[in-house]
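For reference, the structure discussed in these notes is given below.
So you know, we letter chains A, B, ... as the sequences are listed, proteins then strands, and number each from 1.
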2 protein chains.
Amino acid sequence: MATRTEVCYDLLKGRILDGTYGPGHRLVIDQLGRETNISTIPWRESMRRLEAEGWIEIIPNVGARVATFDAGEWTRTMRLLARLEGLATALAAEELTAQDLADARRINGEMSEALADFDPLRFSQLNRQFHTMIFHRAPDKHLVALLDNEWARLDFIRRSAFTHAPGRAVQSVAEHAALLDLLEARADADTIETAARRHKLNTLDAVTRHAVALGNALA
Amino acid sequence: MATRTEVCYDLLKGRILDGTYGPGHRLVIDQLGRETNISTIPWRESMRRLEAEGWIEIIPNVGARVATFDAGEWTRTMRLLARLEGLATALAAEELTAQDLADARRINGEMSEALADFDPLRFSQLNRQFHTMIFHRAPDKHLVALLDNEWARLDFIRRSAFTHAPGRAVQSVAEHAALLDLLEARADADTIETAARRHKLNTLDAVTRHAVALGNALA
DNA sequence: GCCCGCCGGATCGCATACGATAACCTGTGT
DNA sequence: ACACAGGTTATCGTATGCGATCCGGCGGGC
């Protein structure tokens, strides 16, 4: 059996990610303890970890609350993710098997279908799956962990700040195909890194332009 | 007064960073508690945070030990740091005041002196100071926090894996000067990012080549 | 009417205590 | 002499309890 600290951690993080505990939600330790019949200590420890990972904020003698992100945080996260993922994709290049590439192409094909079906949720899930399966091959555990965290953060922020750009999805599928071609052709690392970084920055730019057109400030 | 959890955290992290608790050192909670008259709970909580930050490893029902890094970890960290710092430096560009640039130039001048005095410790401290003062101006707290952590990790690793490249220090000072010129001239973000990234990758390449020449594998 | 200090409830911070787990050591049978 | 079972010890995991801290409301002074 997993330790209670892990149970608490998974439960809290799950509820934060799925939106049960939205931004600003107060996490009262005693209350959580009473609801779950788990004493306060495992809760406290799990919160320390969540705090270090940036999911909650703990103020001494006051309490913990789920972190809130301003609109600019989406921009900042994408900007960072572009660099991290560019590097990780280039590093993963050598490790990808023919099977991996075939799987990635299949996922990209499904994205095309989701697009035709006007299914944005599925599209977005497949998109994450596509990139995740690639960068998880990068031989750098620390980098992969950072990426997982930033992707999760992105999903969390997306729920509060609506980010969308019409037409971007079509282009995104095309860019995925181009990226896969580069990977298959064993292009040099710099080329792959630049393409992967550019891909993410293109999304960022498209959303930013669209937001500006609507009069929203994402900064 | 700071909470005991913070005291424990600072104490542990300090001892890990200054080498008192080297890689692999076992952290026995009861023992720490007896030595300091602080009960186990603040120690446990501080360790959760250190674990999340990657400084220690906790195995359930067994205990905590200071993380150990293989030789390749230095390479991986530099590789990552190059991207993060490239971005942060470019972002900081607009925020830097004339005074900041003057300070940076002064530090770079002192690096020159340290070089002439054959004082590698001082040189390395000034180098960190130089880059830190620049990237701390980047308007992205999360990114800055990541950078601080990676720099600290680098220092920690450096103690176990000797990393050195003859002649690199001279070139480094010159690259700093060139970078400052770019910043002063308000060069565009891409140019600055590339230069800052390149600067760090140059060090990485130089050290790697030197290690290979010595027959060491850093991978 | 407004400001300031006091008070009570909610909540956190931490020490103590005990049960649970894993690593080690020891002794026995072969 | 070796393999294995059993007990032993060091250490962790977590429940309970109490003192400390903060926040919000109330009443007195100006």
Can I get a per-line list of side-chain donor-acceptor pairs under 3.5 Å for residues 87-98 of chain A, giving both atom names and the distance, sequence neighbours left out?
| from | atom 1 | to | atom 2 | distance (Å) |
| --- | --- | --- | --- | --- |
| A/Thr89 | OG1 | A/Glu85 | O | 2.6 |
| A/Thr97 | OG1 | A/Gln99 | N | 3.4 |
| A/Thr97 | OG1 | A/Asp100 | N | 3.0 |
| A/Thr97 | OG1 | A/Asp100 | OD2 | 3.1 |

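Rounded to an integer number of Å, the gap from CG of B/Leu27 to C1' of D/dA10 is 16 Å. Atom CG in A/Asp30 sits roughly 14 Å away from atom P in D/dC18 (whole-Å rounding). A/Ile41 has its CD1 atom 14 Å from the P atom of C/dA17, to the nearest Å. The CG atom of B/Asn37 sits 14 Å away from the P atom of C/dC14 (whole-angstrom rounding).
The side chain of B/Ile38 has C/dA15 as its nearest neighbour among C/dG13, C/dC12, C/dA15. When distances are taken from the side chain of B/Thr40 to each of C/dT16, C/dC14, D/dA15, the shortest belongs to C/dT16. When distances run from any side-chain atom of B/Arg4 to the nucleotides D/dT11, D/dA15, C/dC14, the shortest one goes to C/dC14.
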**Study point:** Stepwise salt bridge (charged side-chain N to carboxylate O under 4.0 Å, His left out) check, B/Glu45 with B/Arg49
**Key:** CA-CA 7 Å; B/Glu45 288 185 26; B/Arg49 184 168 162 201; over 6 Å; no
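Ionic pairing of B/Arg15 and B/Asp10 is not present here: no N-O contact between side-chain nitrogen and carboxylate oxygen is shorter than 4.0 angstrom. Residues B/Arg105 and B/Glu184 are paired through a salt bridge, judged by an N-O separation under 4.0 Å between the basic side chain and the carboxylate. The pair B/Glu193-A/Arg83 meets the salt-bridge criterion, with a side-chain N (NZ, NE, NH1 or NH2) lying under 4.0 Å from an Asp/Glu carboxylate O.
If you check every strand for non-hydrogen atoms under 4.0 Å, B/Ile29 touches sugar and phosphate atoms only.
Here A/Thr5 reaches the OP1 or OP2 of D/dT14: one of its side-chain N or O atoms lies under 4.0 Å away. For D/dT14, the OP1/OP2 oxygens have no side-chain nitrogen or oxygen of A/Ser39 closer than 4.0 Å.
Listed by residue number, B/Asn61, B/Val62 are the residues of residues 43-66 of chain B with a heavy-atom contact under 4.0 Å to DNA chain C.
In this structure, A/His176 and A/Phe130 have parallel ring planes: the angle between them is below the 30° cut-off, well short of the 60° mark.
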